[in-house]
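Presented below is the structure to which this report refers.
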Amino acid sequence: MKKTFFKASILALTLCMGVPAIGVARKKQVVKEVPKTLVDDVTYRQSGGTYYCYPYLTETPPVLTPTPEGYVPFHMEHYSRHGSRWLIGYKNYDRAYEILDKADKAGKLTDLGKKVFAAVKQIREDVQKREGELSDNGALQHKGIGKRMVQNFPEIFTPNTNIDAKSTVVIRSILSMFNGLNGIQSQVPDINVKTDASRATMWYMDYDDTIAWNLRKKPKEEIKAFQKNHANKGEYLKKLINDPEYAQDSIGNKLFSSLFSVLINAQSHSTQPWLAEEVFTPEEVREQWQIRNVDWFLRSGNSKLTDNRVPFSQANVLNNIIESADTAINSNNISVNLRYGHDTIVMPLTVLMELDNYGEEINDLEQVALSGWHNYKVVPKAGNIQIVFYRKPGSLDPEDVLVKVLLNEKEVTLPMDREHGPYYKWTDFKKYYSDKIKDYVTPNPVLEDIK
């Protein structure tokens, strides 16, 4: 089978810019057969998985289905991952640097090896005191998303609109929130904005579900077998090291993971050189992506391997979305609730909501990627879920409300009736998800503590 990798464009520093029936009954989901080429054609940048830079810095966003006749958008619920960032912790930077530095002092680096070492050395110097922080591209991503929210839904984003924006207490999320708001305010300067980042809201903004977290480690034998089947074979070392014996005895498998992380994450920054395609073979990046993709599946996916439990880690935030939407529906006001956090929320929330086919049960790790379960499609940097609400002018009847969900600005189907999206009745939406999560929603610990 031909293996094709499309070279992605250099990241830009400037930003781009018939009504279906309403389904009410749940039908049996039809699972599409995904050809193997969807795995083989994963690009170098996409192989970064959760490091993948939000694509609409350089690509044109999807075109949206027209609003149903007689309806007007009036409210949005939202959860977004922070934008591109520096790697968390210094270990990847340090490990890659130390191994290459030792090889350089031993005279074992090729010309490409010296080029890569120089880049790693500079990146390592630049990251000091910035680990995990938002990058310049991360800021641009959220400014662009905020700007397009206004362009896509001008009826919602008006000078009379109330925006309630919340972030987790992590600085990259807080800065993502403010960059997103900057994008909105560049279009509507007088919009009403309230912001918050507090530990008091972390129980739903970034809930620490220890049961789900521990379950991801449960299928130890399956994980071990999968990683062995997709392990790196060291082909890239032939490009970097001029002595095969040194490469095998002194480096072995110590370098690959850290160097992959550093070079693939270069797409998060406008100033870092893009060397991944010079260093790694297509097979190497694909195999490494599959390992990391499976890791994310075990953290977030629906599988008997993890007792079909891990998606419910985000029951609290989904419940908060439903309750917040109910408040908005019962009001005459136009409003927006924005939430900024992490991939560890967006990915399982996508599965919990069964957006498109991401709620499908998969019990064979070798079938995860082949089934179309691709982490970079859900949680690239700045990955986001937008839930848009529509109603007839003047109506406060919940029965009149329609809802549409966007995953990374693309319309998705919902489990209530996949054949008749993207607009669904709010009452069906609320009932389906409320029933699904009712046994997993936990009480507000702040209120529990003061009882």
Side-chain angles (χ1 to χ4, degrees), residues 8 11 43-55 57 80-101 115-142 167-176 179 206 232 236 240 251 253-280 284-285 287-296 299-300 340-347 375-376 378-383:
L11 292 177
T43 69
Y44 273 81
R45 292 181 188 268
Q46 290 169 344
S47 75
T50 58
Y51 297 160
Y52 179 42
C53 188
Y54 197 71
L57 274 179
S80 178
R81 181 191 187 191
H82 57 76
S84 287
R85 58 164 170 76
W86 295 87
L87 298 177
I88 296 176
Y90 298 107
K91 64 179 181 179
N92 284 312
Y93 299 107
D94 290 345
R95 188 173 184 82
Y97 170 80
E98 289 164 3
I99 292 173
L100 291 173
D101 181 50
K115 180 180 178 181
V116 171
F117 176 48
V120 170
K121 182 179 179 181
Q122 184 61 57
I123 292 169
R124 180 172 176 263
E125 292 174 2
D126 294 342
V127 74
Q128 297 306 311
K129 304 299 182 182
R130 288 194 174 277
E131 60 98 12
E133 292 183 358
L134 195 72
S135 70
D136 57 348
N137 280 336
L140 290 174
Q141 290 156 7
H142 276 290
S167 168
T168 65
V169 296
V170 180
I171 188 63
R172 59 182 173 271
S173 299
I174 295 171
L175 290 176
S176 293
N179 277 283
D206 189 8
N232 179 261
Y236 76 104
L240 304 181
I251 299 179
N253 61 3
K254 299 175 185 176
L255 177 61
F256 179 77
S257 182
S258 60
L259 186 62
F260 179 86
S261 294
V262 173
L263 296 188
I264 285 292
N265 195 53
Q267 65 186 295
S268 294
H269 307 265
S270 66
T271 57
Q272 291 184 10
W274 180 248
L275 300 173
E277 292 177 49
E278 295 183 56
V279 175
F280 305 115
E284 284 175 320
V285 296
E287 295 299 274
Q288 181 64 13
W289 167 69
Q290 289 204 71
I291 289 174
R292 297 184 181 204
N293 188 54
V294 156
D295 179 63
W296 272 96
R299 296 183 187 205
S300 312
Y340 293 85
H342 308 274
D343 48 6
T344 49
I345 287 81
V346 176
M347 189 80 243
N375 55 2
Y376 63 84
V378 179
V379 282
K381 300 299 187 185

Least distance between heavy atoms, [X] atom then [Y] atom:
{"X": "L134", "Y": "A139", "answer": "CD2-N, 3.9 Å"}
{"X": "A382", "Y": "Q141", "answer": "CB-OE1, 3.7 Å"}
{"X": "M347", "Y": "N375", "answer": "SD-CA, 4.4 Å"}
{"X": "P273", "Y": "A119", "answer": "CG-CB, 3.9 Å"}

In Å, rounded to the nearest 0.5 Å, how long is the span from [atom1] of [X] to [atom2] of [Y]?
{"X": "D136", "Y": "N179", "atom1": "CG", "atom2": "CG", "value": "10.5 Å"}
{"X": "H82", "Y": "I171", "atom1": "NE2", "atom2": "CD1", "value": "12.5 Å"}
{"X": "D101", "Y": "E98", "atom1": "CG", "atom2": "CD", "value": "8.0 Å"}
{"X": "E277", "Y": "T43", "atom1": "CD", "atom2": "OG1", "value": "8.0 Å"}
{"X": "D94", "Y": "S258", "atom1": "CG", "atom2": "OG", "value": "9.5 Å"}
{"X": "R95", "Y": "L255", "atom1": "CZ", "atom2": "CG", "value": "8.5 Å"}

Any donor-acceptor N/O pair, [X] side chain to [Y] backbone, under 3.5 Å:
{"X": "Y93", "Y": "L87", "answer": "yes"}
{"X": "Q288", "Y": "F260", "answer": "no"}
{"X": "N293", "Y": "W289", "answer": "no"}
{"X": "S135", "Y": "S84", "answer": "yes"}
{"X": "Y51", "Y": "V262", "answer": "no"}
{"X": "Q290", "Y": "E287", "answer": "no"}
{"X": "Q267", "Y": "C53", "answer": "yes"}

Exercise. If you measure only the distance, is there a donor-acceptor pair under 3.5 Å linking the side chains of T168 and S173?
Worked result: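 Indeed, the side chains of T168 and S173 share at least one donor-acceptor pair under 3.5 Å.
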Exercise. Does a donor on one side chain and an acceptor on the other come within less than 3.5 Å for S268 and N137?
Worked result: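 No, because no side-chain N or O of S268 sits under 3.5 Å from a partner of the opposite role on N137.
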Is there side-chain contact between [X] and [Y], with heavy atoms separated by less than 4.5 Å?
{"X": "K381", "Y": "N265", "result": "yes"}
{"X": "Y54", "Y": "R81", "result": "no"}
{"X": "I123", "Y": "Y97", "result": "no"}
{"X": "W274", "Y": "R45", "result": "yes"}
{"X": "D206", "Y": "V170", "result": "no"}
{"X": "V116", "Y": "L259", "result": "yes"}

Problem set entry | Basic-acidic side-chain contact under 4.0 Å: E131, R85 |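 Judged by the 4.0 Å cut-off on N to carboxylate O distance, E131 and R85 do not form a salt bridge.
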Problem set entry | Carboxylate-amine/guanidinium proximity below 4.0 Å for D126 and R130 |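 No, this pair does not count.
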For this session: Start with the C-alpha gap between H142 and Y340, add the side-chain angles, then the distance that decides, and say whether ring pair (Phe, Tyr, Trp, His ring centres under 6.0 Å) holds.
Result: CA-CA 10 Å; H142 276 290; Y340 293 85; 5.5 Å; yes
Exercise. Should the pair R299 and W296 be classed as cation-pi, given the thresholds of under 6.0 Å to the six-membered ring centre and 45° from the axis?
Worked result: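 The answer is yes, since R299 meets both limits relative to W296.
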For this session: Using the ring of W86 (Phe, Tyr or Trp, six-membered ring only), decide whether R172 places NZ or CZ under 6.0 Å from its centre and within 45 degrees of its axis.
Result: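 Not flagged: R172 not positioned over aromatic ring of W86.
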For this session: Evaluate the criterion side-chain contact (heavy atoms from CB on, under 4.5 Å) for residue pair H342 and S80; output intermediate values, then yes/no.
Result: CA-CA 7 Å; H342 308 274; S80 178; over 6 Å; no
Exercise. Do the rings of F256 and F280 sit parallel, tilted or perpendicular, given the 30° and 60° boundaries?
Worked result: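 Rings of F256 and F280: perpendicular, over 60°.
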